[in-house]
Q: 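Take a look at this one; I'll ask things after.
Order of the sequence lines sets the chain letters (A, B, ...), proteins ahead of strands, with each chain counted from 1. In what follows, every heavy atom counts, from backbone to side chain, and hydrogens, waters and symmetry copies are set aside.
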Amino acid sequence: MALAVSLLWLQPVAADDCLDCHRTATPAAVRQWQGSAHAEKVGCADCHGRDHEAMLAGEAKVTASVCGRCHTEALAEHQSSRHGKGLQSGWGCTRNLSKRPPAECRGCHQEGSSIPTTPVACARFLQQSAEMGSLGCNRCHEVETSCGSCHSNHTTDLAIVRNPNVCAKCHMGPDHPQWEMWQTSQHGTLYQSGGAGLAPSCQSCHLPSGGHNVSKGLTMTPGGEPLPAAEQAIGRQQMLQVCRSCHGEGFSRRELDQADAVRSQSLALVKQAEALIWDLADRGWLDPDPGQRPPHPLKGGVLVTDQQMLYENTSRIEGLFFRLKKYALAQTVKGAYHQNPAYSHWYGNAELKLLLQDIDSEARRLRERAGGAGAVGANSAPKESLVQALERLKKQHQRGGLSDKDYAEEKTRLLEKLPQ
Amino acid sequence: MALAVSLLWLQPVAADDCLDCHRTATPAAVRQWQGSAHAEKVGCADCHGRDHEAMLAGEAKVTASVCGRCHTEALAEHQSSRHGKGLQSGWGCTRNLSKRPPAECRGCHQEGSSIPTTPVACARFLQQSAEMGSLGCNRCHEVETSCGSCHSNHTTDLAIVRNPNVCAKCHMGPDHPQWEMWQTSQHGTLYQSGGAGLAPSCQSCHLPSGGHNVSKGLTMTPGGEPLPAAEQAIGRQQMLQVCRSCHGEGFSRRELDQADAVRSQSLALVKQAEALIWDLADRGWLDPDPGQRPPHPLKGGVLVTDQQMLYENTSRIEGLFFRLKKYALAQTVKGAYHQNPAYSHWYGNAELKLLLQDIDSEARRLRERAGGAGAVGANSAPKESLVQALERLKKQHQRGGLSDKDYAEEKTRLLEKLPQ
Amino acid sequence: MALAVSLLWLQPVAADDCLDCHRTATPAAVRQWQGSAHAEKVGCADCHGRDHEAMLAGEAKVTASVCGRCHTEALAEHQSSRHGKGLQSGWGCTRNLSKRPPAECRGCHQEGSSIPTTPVACARFLQQSAEMGSLGCNRCHEVETSCGSCHSNHTTDLAIVRNPNVCAKCHMGPDHPQWEMWQTSQHGTLYQSGGAGLAPSCQSCHLPSGGHNVSKGLTMTPGGEPLPAAEQAIGRQQMLQVCRSCHGEGFSRRELDQADAVRSQSLALVKQAEALIWDLADRGWLDPDPGQRPPHPLKGGVLVTDQQMLYENTSRIEGLFFRLKKYALAQTVKGAYHQNPAYSHWYGNAELKLLLQDIDSEARRLRERAGGAGAVGANSAPKESLVQALERLKKQHQRGGLSDKDYAEEKTRLLEKLPQ
């Protein structure tokens with residue numbers, strides 16, 4: 001309905017203007033468009049416009065908003081999902097494109113300045129060259145602004161987007177190998193042996209209604225932190241409904257509850273590793289110290305271990321933590337929710353604990369190193385002066401690592417040791 | 001035959017009692033059962049019993065022994081294979097289930113105690129939370145007590161268990177990537193291009209007769225240690241017979257002999273790494289020392305490097321050894337027997353040697369660390385007193401690392417150095 | 001044409017001589033030959049000869065030159081490509097075979113000596129046991145001398161070699177995962193969803209004409225170094241022509257240009273890591289020093305970081321560099337050219353930068369270690385005497401790490417500091 005009506009305001013353009021050249025200039029695009037549902041009513045210029053110079057420079061991409069002129073509901077649903085939000089970096093950063101209107105900078109930056117205004121700016125993206133940003137980061141994050149990211153650009157064949165292969169392109173690799181997990185899970189192996197009738201694909205569970213909201217049924221952030229309780233309750237209910245199209249209620253609940261438990265147990269190990277590193281930072285024992293290295297693009301010369309942490313220009317112990325939090329935690333938790341024991345246990349849990357051990361070992365080395373020549377045998381650290389201890393507590397308090405109450409108590413405890 | 005006869009003693013139960021609710025309560029189960037060979041004669045309660053409360057709590061799982069009431073030969077064959085033995089931990093540990101009869105504990109523990117009685121108890125499993133034990137360890141090890149692990153629960157379609165996908169679910173990942181190895185081997189790529197007529201699947205070689213004994217043709221333990229000579233000879237003969245259904249005798253033997261050689265060469269590198277670590281342990285130079293960390297669940301506060309070694313609560317050098325023995329060794333050896341050069345060489349041999357080098361580097365660091373401030377430049381270690389050397393030899397002898405004869409000779413050699 | 005004519009000089013041999021036994025001795029070979037295009041005109045002995053003893057010993061392999069008797073053009077094209085050149089080690093090294101004519105040694109070695117004569121001798125291969133050389137290295141490098149490596153041995157079904165699976169067998173794994181990259185790229189996922197009409201396979205781009213020259217369109221060495229400008233220009237033109245069968249000229253160029261930029265940026269990071277290690281080597285601070293470990297098989301007791309670098313018998317920092325250069329660099333660069341963001345960014349760029357950080361950390365440790373007990377806190381290194389500094393510059397100059405001009409200037413700068 002919405003579709004039929006909105007088509008009316010389109011000014012039909014004879015595609016023939018373009019086809020004469022484009023049959024040889026971009027043969028696959030023409031071939032695919034000709035076989036598509038668009039061929040009858042939607043011509044080249046309807047989507048691409050007529051600024052041929054911009055097209056040749058690769059700067060006239062067809063954004064989701066162009067598709068949304070007709071596919072209004074789909075666009076709205078997409079934009080309300082994580083696919084439509086993301087980092088808002090998908091080929092939107094002018095660093096990666098030339099000849100873009102300066103007005104575009106305001107999407108992310110204060111006017112006339114490079115200071116970012118969006119809380120979702122990605123420090124790791126900011127560290128990359130334009131080319132790595134484009135071929136690396138944006139090649140997946142373009143989903144935020146491009147329907148073609150999943151639907152591909154000129155076909156309208158829904159078989160493509162209903163095939164789990166379409167998700168593989170981005171949902172793979174060390175940071176979120178959902179594709180690999182599904183493929184070798186009970187679900188995935190049965191699907192591959194017996195087809196969609198026997199077991200679910202990615203779409204069966206995450207887009208059960210065939211819509212565009214991929215975030216239904218989720219109860220955690222991409223980093224594994226729990227969503228607010230109310231959102232969790234809604235998400236859980238949505239996912240249980242999905243499970244219930246095959247499985248019993250009790251079984252479904254037990255499976256998801258177990259994954260919840262694995263998630264919170266694994267997060268606790270991450271916090272343990274993080275605390276070791278912050279303690280070293282507070283004492284000035286990281287090597288090199290955050291103050292002595294290229295500043296973090298968003299936070300400057302300080303330790304960053306949250307979602308904005310970098311994988312470059314930090315130190316070995318932070319690199320181990322990056323692998324633990326971004327890779328091993330993700331594999332454990334997502335492996336648990338996707339019922340893949342090789343991921344939840346071996347690639348996940350075992351790696352998480354091995355890395356925690358490596359971090360502990362590096363922390364011991366850094367403590368002994370700070371302890372100087374005298375630190376032999378035992379895992380000794382240099383004696384901290386009262387002033388140093390008070391400074392360390394203050395830093396910990398300032399960054400929220402110590403509550404007001406605990407800070408006051410710790411201070412009292414230290415001061416009581418002074419000769420009265 | 002055995003099947004037809006044993007069906008007679010079943011008391012047929014009208015499935016309709018259950019179906020009224022279960023068509024909506026567990027739709028996939030009903031759908032799959034209706035399409036199965038069981039639908040005619042075997043009803044819900046025949047396998048699940050009638051304790052609905054236990055079912056709702058997830059505690060009325062259909063074990064292999066239930067299937068074995070009819071499928072007697074299959075069960076016997078399964079139980080005699082590694083699939084039927086394993087760790088005897090497959091969802092059998094009451095830690096992972098509630099409301100189970102305490103009598104079950106006796107399967108693994110001394111009565112009224114947590115002391116394990118079975119030599120196959122797995123220390124790594126004992127370290128896990130109930131949830132990781134369930135979603136991680138048991139999700140694969142349930143093969144030991146559940147036919148559904150491979151056959152899936154309500155279908156009886158043999159196409160599923162004849163498809164190599166069914167093996168992928170467990171035989172993948174860093175500790176034994178047989179699925180990945182086969183898939184990209186000459187065998188696997190030809191199978192995927194041209195089907196079962198062109199090249200073998202997992203089942204073609206490991207279940208050639210279509211039976212349930214997956215252990216036929218093996219000549220080594222899961223850890224890569226050679227089986228006793230007599231068992232090896234039988235296993236080799238069985239596997240050669242499999243190879244011979246396509247290949248010549250000489251070619252088959254040469255291939256397997258080469259893999260044998262790779263196995264024993266790789267094991268020798270593992271022993272070399274293990275010896276470095278034991279030497280550090282004997283001298284008290286591990287950091288942290290086994291006596292100062294959470295005790296091993298089966299062996300207490302000592303170094304453990306055998307099949308019971310942990311991946312947590314040890315030290316960095318032991319973590320490197322875990323990766324070397326459980327991952328790199330497995331990939332080298334299993335890659336060689338599965339004719340996959342990327343696994344036998346790159347993921348296997350190269351990683352094994354890189355890790356051996358890392359272990360050697362960490363051993364050098366730990367020796368210098370023990371040597372204290374004086375240990376500059378050279379890879380020096382502190383001078384060992386005669387008493388210390390004798391104590392170290394004694395420990396080495398006690399744990400079987402030094403024969404009686406070698407121990408006596410080493411002692412004599414040391415004592416001769418005393419001023420006579 | 002060439003084919004039809006050259007068949008005439010073959011002396012037809014009745015295959016029946018062989019088939020009587022080989023129907024049971026090598027059933028798959030006979031079956032596949034019978035279904036092949038060869039069955040009519042080319043008998044067993046035409047390719048295998050008649051030395052049955054050599055066959056039984058596995059020493060009568062059918063080399064590419066045998067196939068080339070009929071398939072002259074294909075052989076010529078193969079031999080001019082990287083597939084036909086490679087390391088010239090493919091089961092050609094007599095270390096891996098018995099009873100070969102000593103004359104064969106001359107292919108790689110000075111007569112009567114083990115000194116290699118070919119610049120492509122592979123040090124890593126020389127370090128392996130005969131069995132690892134055979135199952136590991138040669139199982140892929142046999143492509144250099146065996147057509148069966150891709151075509152398989154007795155079928156002539158072109159469907160096998162037109163299936164991307166055939167490439168997977170070798171082009172996978174940490175050193176060059178082109179198979180994995182393609183499979184999960186936009187190209188690969190569309191190919192798997194919609195077939196060859198929708199997106200390209202390996203062969204579509206690398207063997208577009210169906211020929212045997214896999215090296216067309218390349219602009220870099222296997223190690224990622226740019227080819228000479230003239231060869232680059234030809235290669236780029238060839239690849240653009242391939243892209244142009246689907247995509248527009250501008251888009252294709254921009255994609256390849258971006259990958260070029262990623263390549264040179266990544267190589268710069270490799271050089272940065274390499275320089276850190278050479279500086280340590282020049283100062284004698286590697287642990288262990290190259291002079292104190294088993295000599296490199298081609299270059300002796302010196303540091304080797306070029307294409308001949310080993311993954312064994314070096315040191316931890318060199319092992320990190322091996323992983324950086326052979327694995328992370330390859331994944332970044334090949335991932336960029338294959339449009340796979342998970343490889344170019346996560347497995348590639350992120351790992352490259354994490355490893356660079358690990359190398360920097362180990363370099364700091366080695367510098368402090370050399371600095372001795374006094375090197376506390378700061379990343380200090382021992383003061384270098386004037387004589388030591390001059391010696392270090394001389395070494396750097398001798399290995400080409402410092403131009404004549406820079407060497408002269410640095411020397412002058414140092415000498416000016418002397419009391420005048």
Side-chain angles (χ1 to χ4, degrees), chain B residues 180 183-186 188-194 197-199 244-251 254-255 257-262 265-266 332 335-337 339-358 360-362 364-365 368 372-377 379, chain C residues 22 24-29 31-32 55-58 124 127-132 134-140 152 155 157 159-160 163 165-170 172-175 177 179 284-285 287-288 310-319 322-323 326-327 362 365 369-373:
Chain B
E180 295 93 326
Q183 218 186 3
T184 47
S185 71
Q186 175 86 337
T189 55
L190 284 176
Y191 179 93
Q192 287 166 94
S193 302
L198 195 57
R244 293 280 293 103
S245 62
C246 291
H247 299 289
E249 168 93 14
F251 171 81
R254 277 191 301 276
E255 283 292 306
D257 286 351
Q258 282 188 324
D260 290 348
V262 164
Q265 291 153 11
S266 304
T332 312
Y337 284 109
Q339 297 88 38
N340 189 308
Y343 278 92
S344 56
H345 179 256
W346 285 113
Y347 288 119
N349 181 62
E351 199 56 29
L352 210 159
K353 290 178 171 176
L354 282 164
L355 283 166
L356 179 57
Q357 199 166 270
D358 289 343
D360 181 64
S361 163
E362 179 71 350
R364 296 169 80 86
R365 188 184 76 85
E368 286 186 2
V376 177
N379 193 258
Chain C
H22 276 271
T24 52
T26 60
R31 212 160 54 226
Q32 288 177 12
M55 289 179 213
L56 284 170
R124 290 191 290 277
Q127 287 296 102
Q128 303 317 315
S129 72
E131 290 83 5
M132 180 49 68
S134 171
L135 290 186
C137 313
N138 288 351
R139 200 48 58 104
C140 285
S152 99
T155 73
D157 186 354
I160 291 173
N163 191 311
N165 270 306
V166 81
C167 310
K169 214 178 33 154
C170 295
M172 63 164 291
D175 60 325
W179 166 253
W285 293 352
D287 178 41
L310 297 179
Y311 51 70
E312 58 196 295
N313 296 334
T314 65
S315 67
R316 177 166 179 264
I317 200 167
E318 292 161 77
F322 188 89
R323 290 167 173 121
K326 281 293 290 180
Y327 301 163
E362 179 71 350
R365 188 183 76 85
R369 176 178 174 273

Q: Can you tell me how far CD of Q192(B) sits from CG of N163(C), rounded to the nearest 0.5 angstrom?
A: 8.5 Å
Q: Can you give me the closest heavy-atom contact between A25(C) and R244(B), atom names plus distance?
A: O-NH1, 2.8 Å
Q: Is any NZ, NE, NH1 or NH2 atom of the basic residue among E362(C) and R365(B) found under 4.0 Å from an Asp or Glu carboxylate oxygen of the other?
A: no
Q: So do the side chains of T189(B) and V166(C) get within less than 4.5 Å of each other, counting heavy atoms only?
A: no
Q: Do E255(B) and R139(C) meet the salt-bridge criterion of a basic N to acidic O distance under 4.0 Å?
A: yes
Q: Measuring from atom CG of L356(B) to atom OH of Y311(C), what distance do you get when rounded to the nearest 0.5 angstrom?
A: 12.0 Å
Q: Distance check, rounded to the nearest 0.5 Å: Y347(B) atom OH versus M172(C) atom CE?
A: 5.5 Å
Q: In terms of heavy-atom pairs under 4.5 Å with chain C, which of C246(B), G335(B), G188(B) leads?
A: C246(B)
Q: Where does S152(C) contact chain B at under 4.5 Å (heavy atoms): side chain, backbone, both or neither?
A: both
Q: How close do Q258(B) and L135(C) get, counting heavy atoms only, and between which atoms?
A: OE1-CD2, 3.3 Å
Q: Go through the atoms of T332(B) and report whether side chain, backbone, both or neither lie under 4.5 Å from a heavy atom of chain C.
A: side chain
Q: Can you tell which part of N165(C) gets under 4.5 Å to a heavy atom of chain B, answering side chain, backbone, both or neither?
A: both
Q: Identify which part of A29(C) has an atom lying under 4.5 Å from any heavy atom of chain B, answering side chain, backbone, both or neither.
A: backbone
Q: Please round to the nearest 0.5 Å and tell me the distance separating atom CH2 of W179(C) and atom OG1 of T184(B).
A: 9.5 Å
Q: For R369(C) and E368(B), which heavy atoms make the closest approach, and how far apart are they?
A: NH2-OE2, 2.6 Å
Q: Nearest heavy-atom pair of G173(C) and A342(B): which atoms, and what distance?
A: CA-CB, 4.5 Å
Q: Among Q186(B), K353(B), Q183(B), which has the most heavy-atom pairs under 4.5 Å with chain C?
A: K353(B)
Q: Do K326(C) and W346(B) pass the side chain to side chain contact (heavy atoms under 4.5 Å, CB included) test, and can you show the C-alpha distance, the side-chain angles, and the key distance before you say yes or no?
A: CA-CA 11 Å; K326(C) 281 293 290 180; W346(B) 285 113; 3.8 Å; yes
Q: Considering only heavy atoms, which portion of D157(C) lies under 4.5 Å from any heavy atom of chain B: side chain, backbone, both, or neither?
A: neither
Q: Check the pair T314(C), Q357(B) against side chain to side chain contact (heavy atoms under 4.5 Å, CB included), reporting the backbone distance first and the verdict last.
A: CA-CA 7 Å; T314(C) 65; Q357(B) 199 166 270; 2.9 Å; yes
Q: Do the non-hydrogen side-chain atoms of R364(B) and P288(C) ever get within less than 4.5 Å of each other?
A: yes
Q: Go through the steps for N349(B) and Q128(C) under the test side chain to side chain contact (heavy atoms under 4.5 Å, CB included), then give the verdict.
A: CA-CA 9 Å; N349(B) 181 62; Q128(C) 303 317 315; 2.9 Å; yes
Q: Between M132(C) and H345(B), is the side chain to side chain contact (heavy atoms under 4.5 Å, CB included) condition met? List the steps.
A: CA-CA 7 Å; M132(C) 180 49 68; H345(B) 179 256; 4.2 Å; yes
Q: Side-chain donor-acceptor pair under 3.5 Å between K169(C) and Q339(B), yes or no?
A: no
Q: Considering only heavy atoms and a distance below 4.5 Å, find which of R323(C), Q32(C), R31(C) pairs most often with chain B.
A: R323(C)
Q: CG of L198(B) to OG1 of T155(C): how many Å apart, nearest 0.5 Å?
A: 6.5 Å
Q: Testing the basics here: between S344(B) and G136(C), what is the closest heavy-atom pair and its distance to 0.1 Å?
A: OG-CA, 4.0 Å
